[in-house]
Each structure stands twice: as C-alpha cells, then as structure tokens.
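What follows is one structure encoded as structure tokens, with my remarks underneath.
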Amino acid sequence: RQFGAKPGHGPRQQVYPEPEGDGIADARTSLRRAVALLLPPATLVFEKRGCVTCHSQALPAQLAAVARAKGIAVNEEQARKNMQQMLAFFKTAGEAAMQGDRTAGDFVTVGYVMSAFAAEQYPLDDITAESTHLLAGQQMADGNWLGNGVSRPPMEDSIVSQTALAVRAMTLYPIPGRKNEVDEKLRRAQRWLLAAVPGTTEERNMRLMGVVWTKASRADITAAVQQIIARQRAKGGWAQRDEYQSDAYATGESLYALHQSGNPETADLYREGVAFLLKNQYQNGAWFVKSRAYPTQIYFDSGYPFGHNQWISAAGASWASLAIAETVPDVKLRGH
C-alpha cells in the first residue's frame, strides 16, 4: 500500500450483503440450519477431489455428531456417507502411513479427522492405530510436528496447529502397547507448545488446546487462556489477526478452545461471543469468512455459499456451531 499497491479484483474480492436482520436468535435453530447446510457439500467434495478435507468433511462430521447429541435433526444418510468416505480414504492412507507416507494436509488433516471419528465414537482399530503410528514416527526432536511447507491460513499455516492436532489424534487414539513411548512424545510436545510464542488467533487457540490435551498444569493453561481472552473485542468477537475484522472462524475457534480449557459456556465472555456469532449468521445457516489463503487447489463449487470464499466459510461455520452447541443441553440432560 505504501508504494501504491492496490487490492486485487479477482473472484475472492466479491462483496456479499450483510446477514438479514439481527441474524438468528435461537441457538437450536442456528445449529439445525448450520449442519443442514454443511453436510450436503461434504460428500460432493470427496467425489470431486477423491480426498478428505478438514473444512468440508472432518469438521462437519464432528458437528453432526455434536448436534445429534443435542437433539438436533441431522440428515443421517449424508452423515453416514461422509463417515464412510473418510474411513475408506483413511484405510488406504493408513496402509501408506505404515511406510511413512503422509496424507495431504499432514498432521492437521489427521487431527481433524480423528476428532471427527472420536465424536462419532469410532473405536480403536487398525485405521486409527496406523495414524498414531505415523504421528509417533514423524515428531521432531524438539517436540513439534512439521507440515509439508504449504501455507494455507488459517487452518494449515502453522507449526503450532500441526503440533496441537497431532497431539489431539494421539490422545484420542493411543496405541496401548506403546503407551510409554506415546506419553513421552506428548510430554515433549507439551514442552514445545509451552515455549512457543503464538502470533495469530489460530496459534493462540491451537496452543491452548494442545496444552490442555497434554494435561499441562493449571497455571500454564490459565496463562494461555488469558492470551485469548485479552484479544476479545467489544462486540464479543475475535479476529484472525489484530488488523482484521472479527469473524466466525476466529470467534468460534476461540470459544471452543476456551471451553476445552474449562471456561464455562455460562461465562459472560462466552455468551458475548455466542451473541456475536448468532447476530452474524445468515438465515440459511451460513457464516461468511473471507479467504486469505493463496489458492493451491483447482476451484469448484461445492454448493456452500460465498463462491471462492466457501472453503474457509464452511470451516468457520463448523467452529461457530461447535461453540454455540456448548450452550445447548444434551438431550439426556433436558429437564434436569
């Protein structure tokens, strides 16, 4: 800008109208509409690409499981097909993992997909053990996991995210016969995460979740929590970077991370964050998040709104909905 650079005029610069009215007022309606909009593209993306994505398959699968537990109607045929496609892909990827071959998206993809499997209560088996075996063999000496160098912010842009999500997969699906080895790798990862200096909202959130999943001390968790709380804005939202506007991805992920660390959904800051999300949700259940990743995939329309911004918008919608879901009681708890 200082030397006269101008914003681009490509399809990702398209401007969309603001959400209608005051967004969606009811959390259950919000969840129902969000998951109904997210599930149909999941199977289409797999059929078009032949691989599993975090934004269009893993996160929506995790959300579908959470929504079901809250008594939200889910298209079970679509949810089941999405799971079957992820399992089929990871069966092949798992066999390759035994030879040290890493899947697209590296440890970010593995972490998100194992989170989806766990949400659906998928059991320990060869598929999950193969992923844990791969992770165990790919950790660096200092405790982190390095991705393949592709930068696709915010999801696939940081060693912190790669490390935290590797930790997540290993804690969800440990290999019983290698417990001592896995525990040592988790301790090493925790030391690395505690020493890391996060520079973005993604890194602060992933760092917090990583230290929670590795069972860090309460003092260390509290310090990481405070870094996130300090970035909440007056209207309740969070931004991906300090110079950006608040959006559903940063806000939903921040709230989810805070809840993972023990901050209750009844806290004022949590309710303010959820209010921000509901106010900025479209009536069809979508949230708009502007893409800032350099395109590395050939574009096609999955059916989710917002054109060339649809991938990160879908991820933002899942994070937002996972955060909102914490304010809705499980079916079995209703009336208590």
Side-chain angles (χ1 to χ4, degrees), residues 5-24 30-64 75 78 81-82 85 104-105 108-109 112 150-157 200-202 237-241 243-253 276-322 324:
K6 306 295 184 192
H9 298 286
R12 296 199 301 170
Q13 305 301 323
Q14 183 175 345
V15 177
Y16 296 89
E18 295 292 320
E20 309 91 326
D22 292 324
I24 296 177
S30 168
L31 285 176
R32 177 172 54 81
R33 293 182 184 178
V35 73
L37 194 63
L38 282 162
L39 277 179
T43 54
L44 176 62
V45 169
F46 184 85
E47 290 162 3
K48 287 275 191 179
R49 281 188 174 170
C51 68
V52 170
T53 67
C54 308
H55 47 71
S56 293
Q57 283 129 329
L59 272 168
Q62 183 178 350
L63 175 60
N75 186 316
Q78 292 172 348
K81 186 174 182 180
N82 186 30
Q85 288 172 334
V108 166
T109 300
Y112 275 114
V150 175
S151 175
R152 299 171 68 198
M155 299 184 79
E156 192 182 345
D157 185 45
T200 65
T201 297
E202 168 81 4
W238 276 263
Q240 293 182 38
R241 299 181 68 92
E243 65 270 28
Y244 295 171
Q245 294 182 346
S246 301
D247 65 29
Y249 184 97
T251 302
E253 186 188 56
F276 170 85
L277 292 172
L278 293 174
K279 183 176 177 59
N280 286 279
Q281 187 177 16
Y282 289 78
Q283 292 299 317
N284 65 356
W287 278 273
F288 172 74
V289 180
K290 184 173 176 56
S291 177
R292 59 188 183 91
Y294 188 86
T296 59
Q297 302 277 4
I298 296 174
Y299 170 77
F300 67 89
D301 189 356
S302 71
Y304 198 81
F306 309 123
H308 286 251
N309 301 282
Q310 66 186 267
W311 310 119
I312 193 59
S313 292
S318 289
W319 278 122
S321 297
L322 286 169
I324 290 169

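The structure presented is a predicted model; accordingly, all values stated were derived computationally and were not measured. Keep in mind that the numbers below use all heavy atoms, side chains included, and drop hydrogens, waters and symmetry copies. Positions are given from 1, in the same order as the sequence printed here.
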Within the structure provided, determine whether [X] and [Y] are in side-chain contact (heavy-atom separation under 4.5 Å).
X    : Y    : value
R33  : Q283 : yes
L31  : L63  : yes
P19  : K279 : no
P154 : T200 : no
H55  : S318 : no

Does any N or O in the side chain of T251 come within less than 3.5 Å of the main-chain N or O of W238, such that one atom is a donor and the other an acceptor?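 Checked: pair present.
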For V45, is there any backbone N or O sitting under 3.5 Å from a side-chain donor or acceptor partner on S302?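 Pair absent, no side-chain N/O of S302 close to backbone of V45.
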If you count the non-hydrogen atoms of other residues, nucleotides and ligands that lie under 6.0 Å from [atom1] in [X], is the total more than 12?
X    : atom1 : answer
Y294 : OH    : no
Q245 : CD    : no
E18  : CD    : no

Closest heavy-atom contact between [X] and [Y]?
X    : Y    : result
P41  : G303 : CG-C, 4.4 Å
R12  : P295 : NH2-CD, 3.8 Å
T109 : C54  : CA-SG, 3.7 Å
G285 : L37  : C-CD2, 4.1 Å
F276 : S246 : CZ-CB, 3.6 Å
L277 : A248 : CD2-CA, 3.8 Å

Taking the six-membered ring for Trp, are F288 and Y282 ring centroids under 6.0 Å apart?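 No, the ring of F288 stays outside the 6.0 Å limit from the ring of Y282, centre to centre.
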As an exercise, state the distance from [atom1] of [X] to [atom2] of [Y], rounded to the nearest 0.5 Å.
X    : Y    : atom1 : atom2 : answer
L59  : E253 : CG    : CD    : 9.0 Å
S56  : Y304 : OG    : OH    : 9.5 Å
R49  : Q57  : CZ    : CD    : 8.5 Å
N280 : D22  : CG    : CG    : 10.5 Å
K290 : Y16  : NZ    : OH    : 9.0 Å
W311 : M155 : CH2   : CE    : 12.5 Å

Side chain to side chain donor-acceptor pair (under 3.5 Å) with D247: which residues, sequence neighbours excluded?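 Partners of D247 under the side chain to side chain donor-acceptor pair (under 3.5 Å) test: Q240.
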Regarding D157 and S151, is there a side-chain donor-to-acceptor distance under 3.5 Å anywhere?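 Per modelled atom types, D157 and S151 side chains form a pair under 3.5 Å.
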If the condition is side-chain contact (heavy atoms from CB on, under 4.5 Å), which residues does S30 pass it with, not counting sequence neighbours?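 side-chain contact (heavy atoms from CB on, under 4.5 Å) check on S30 returns I24, L278, Q281, W287, I324.
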